[in-house]
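Sequence lines set the chain letters: A, B, ... in the order given, protein chains first and strands last, and positions in each chain run from 1.
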There are 2 protein chains.
Amino acid sequence: MGGSCLAERLAHYVALTPPEQDALVQLEEQERSFKRGAMIRREHDGARELFIVQKGWLHSSVLLGNGSRQIMRFHFPGDLVGVSSLAFGQSSDSIVAVTDVTLCPFDKDKLALLFQEHPRLAALIFTLSVAERVSLADRLASIGRTSARARVASLLCEIFARLRIMGGAGLDEFHVPLTQEEIGDATGLTAVHVNRMMRGLVDDGLIGRNGNMIKVMNEARLAEGANFTDRYAEIDIGWLPQPR
Amino acid sequence: MGGSCLAERLAHYVALTPPEQDALVQLEEQERSFKRGAMIRREHDGARELFIVQKGWLHSSVLLGNGSRQIMRFHFPGDLVGVSSLAFGQSSDSIVAVTDVTLCPFDKDKLALLFQEHPRLAALIFTLSVAERVSLADRLASIGRTSARARVASLLCEIFARLRIMGGAGLDEFHVPLTQEEIGDATGLTAVHVNRMMRGLVDDGLIGRNGNMIKVMNEARLAEGANFTDRYAEIDIGWLPQPR
DNA sequence: CGACCCCTTGATTAGCCTCAACAACCGTGG
DNA sequence: CCACGGTTGTTGAGGCTAATCAAGGGGTCG
């Protein structure tokens with residue numbers, strides 16, 4: 001390895017000082033791998049750990065009394081996962097491996113240290129957490145107030161935008177290792193209806209599909225129909241304090 | 001008055017040191033009032049300000065291309081509002097006064113200072129922000145995966161739980177100054193259907209209504225049908241760093 | 001008093017779910 | 001090598017939930 005994934009991610013926004021880099025590398029001393037489908041953390045379990053994603057996709061989700069599942073968010077390499085365990089002794093959601101994954105776990109005490117020693121990093125992590133919340137709010141609006149087709153389109157747009165952060169801005173074809181059931185659980189739809197909506201998007205020439213590869217054919221119309229705005233493009237870090 | 005509103009809120013969770021209190025008071029030199037219905041901040045407007053609610057109810061919401069509205073959250077006295085402007089130069093949502101309100105506005109630069117000088121307060125504010133995100137996630141699951149009746153019940157449960165934080169644990173009757181349209185915009189329903197669901201809750205003896213007063217008649221069944229868990233009861237601040 | 005907002009109720013419609021059947025693909029074991 | 005069970009994707013038919021459309025009532029404020 002050598003570098004830290006989180007450092008790589010944060011370096012997208014600020015030029016890290018050497019002490020800051022050291023602090024981030026220390027968060028990723030450990031490394032743990034899980035198989036596709038593995039339950040990494042179960043809802044209501046005690047949890048002192050956060051994870052940095054190194055490789056693979058995950059999702060965090062909740063199970064409801066009626067047996068259905070709501071996926072809150074998909075997590076990609078560079079993401080900080082399990083943040084909700086900061087505020088609660090017990091995990092508020094389950095974390096599941098969508099593909100085979102490699103994670104770097106660290107205890108929340110280490111984050112406390114980061115807040116003390118590196119206020120700029122703390123503020124940056126806070127900022128990214130706020131951006132994630134806005135992204136969740138976008139999904140809420142999507143599910144609450146738009147059609148099934150728009151919800152699916154919106155999820156695809158969000159995934160594309162986030163994959164481009166790490167993968168390069170020019171990408172127009174993506175490996176999306178999600179089942180239609182997972183897409184449904186993220187958008188509040190059934191797998192059957194997701195299938196019909198995806199077919200509609202293909203038939204209308206907005207996207208192309210080949211197995212798990214999805215190609216963006218007409219991103220403008222896709223984003224328009226989805227009511228999508230790319231939050232990650234407009235993150236403002238102007239308020240951050242000076243590095244120590 | 002005399003003290004800082006934010007200090008009062010944070011003191012619910014930790015014993016503030018004198019320097020911490022001073023820092024918080026400095027955030028709140030100003031005070032501003034708005035009439036019921038006033039648009040305090042409009043989506044896409046530039047925004048460097050955050051607000052602490054002193055009196056009244058607000059909501060933050062987004063407007064969609066199809067003309068509908070999604071309310072993300074209602075804000076009560078003691079809440080920190082407009083945090084999303086930290087991550088973006090432009091506001092991601094609108095902030096609207098539900099009743100007449102009094103707010104304490106402060107610039108986000110002051111928060112940067114807080115991150116530098118008072119890491120424990122920074123971590124606490126981060127924690128509360130995470131808890132809010134979990135609450136948003138609960139709403140997402142509610143809208144994505146439960147019936148109209150459960151969504152309305154869930155919103156009511158959340159409101160009751162939050163009002164009890166400041167208003168006292170024993171309360172079983174609440175003044176809820178929301179129109180059914182606002183409840184619909186928060187739950188992803190139409191006002192007409194909200195009306196029918198509320199009537200159902202009354203008919204089944206779960207709640208009582210008298211104008212804007214809502215009385216909890218059978219909270220166990222209400223919470224059960226809503227799939228509701230009270231997040232605000234279980235916030236854990238054990239990971240915070242030492243005060244400086 | 002009238003205008004407006006909000007609540008309420010009824011009738012009809014539309015979007016998404018449910019149920020069902022089958023095809024394609026996968027890894028596994030015989 | 002093939003047989004197999006399991007998972008995922010696909011498509012059709014019918015049903016149900018919540019939206020839409022519509023009309024009227026009560027309260028409040030100017």
Exercise for review: Answer yes or no: is there an ion pair linking A:Arg9 with A:Asp79, defined by an N-O contact shorter than 4.0 Å?
Suggested key: yes
Practice item. Take the protein atom CD1 of A:Ile143 and the nucleotide atom P of D:dA18, then report the distance between them rounded to whole Å. Key: 15 Å
Exercise for review: For B:Arg145, report the nucleic acid contact type (base, sugar-phosphate, nothing); a contact means any heavy atom under 4.0 Å.
Suggested key: nothing
Review point. Looking at A:Arg73 and A:Glu158, does any basic side-chain N land under 4.0 Å from a carboxylate oxygen?
Key: yes
Practice item. Can you sort out which residues in residues 190-198 of chain B have a heavy atom within less than 4.0 Å of DNA chain C? Ascending by number, please. Key: B:Val192, B:Asn195, B:Arg196
Check your understanding: For the pair made of CG in A:Asn210 and C1' in C:dC25, what is the distance, rounded to whole Å?
Key -> 14 Å
Check your understanding: Contact class for B:Gly211 (heavy atom, under 4.0 Å): base, sugar-phosphate, or nothing?
Key -> nothing
Check your understanding: D:dG9 C1' sits how many Å from A:Ile214 CD1, rounded?
Key -> 13 Å
Point to revise | B:Leu201 CG - C:dC7 P separation (whole Å) | key: 15 Å
Practice item. Grab the CG-C1' distance between B:Leu178 and C:dC5 for me, whole Å please. Key: 16 Å
Check your understanding: To the nearest angstrom, how far is A:Leu189 atom CG from C:dT18 atom C1'?
Key -> 14 Å
Review point. Would you say a side-chain N or O of A:Arg209 is under 4.0 Å from OP1 or OP2 of D:dT10?
Key: yes
Practice item. Please name all residues satisfying salt bridge (Lys or Arg N to Asp or Glu O under 4.0 Å) with B:Glu219, sequence neighbours left out, ordered by chain then number. Key: B:Arg164
Check your understanding: Which pair of heavy atoms, one from A:Ser61 and one from A:Asp93, lies closest together, and at what distance?
Key -> O-CB, 3.3 Å
Check your understanding: Tell me: CD of A:Gln180 to P of C:dC17, nearest whole Å?
Key -> 13 Å
Review point. Using 4.0 Å as the upper bound for N to carboxylate O, is an ion pair formed by B:Asp100 and B:Lys55?
Key: no
Exercise for review: Apply side-chain hydrogen bond (donor to acceptor under 3.5 Å, both in side chains) to A:Arg41 and A:Ser91, showing your working.
Suggested key: CA-CA 8 Å; A:Arg41 195 160 77 191; A:Ser91 183; 3.2 Å; yes
Practice item. Name all pairs fulfilling the ring-ring contact (aromatic ring centres under 6.0 Å, His included) condition that reach into residues 150-182 of chain A, sequence neighbours left out, sorted by first residue then second. Key: A:Phe160-A:Phe174
Revision key, fill the gap. A:Arg199 atom CZ is separated from D:dG12 atom C1', nearest whole Å, by 13 Å
Check your understanding: Which nucleotide, C:dC16, D:dA18, C:dC6, lies nearest any side-chain atom of A:Ser147?
Key -> C:dC16
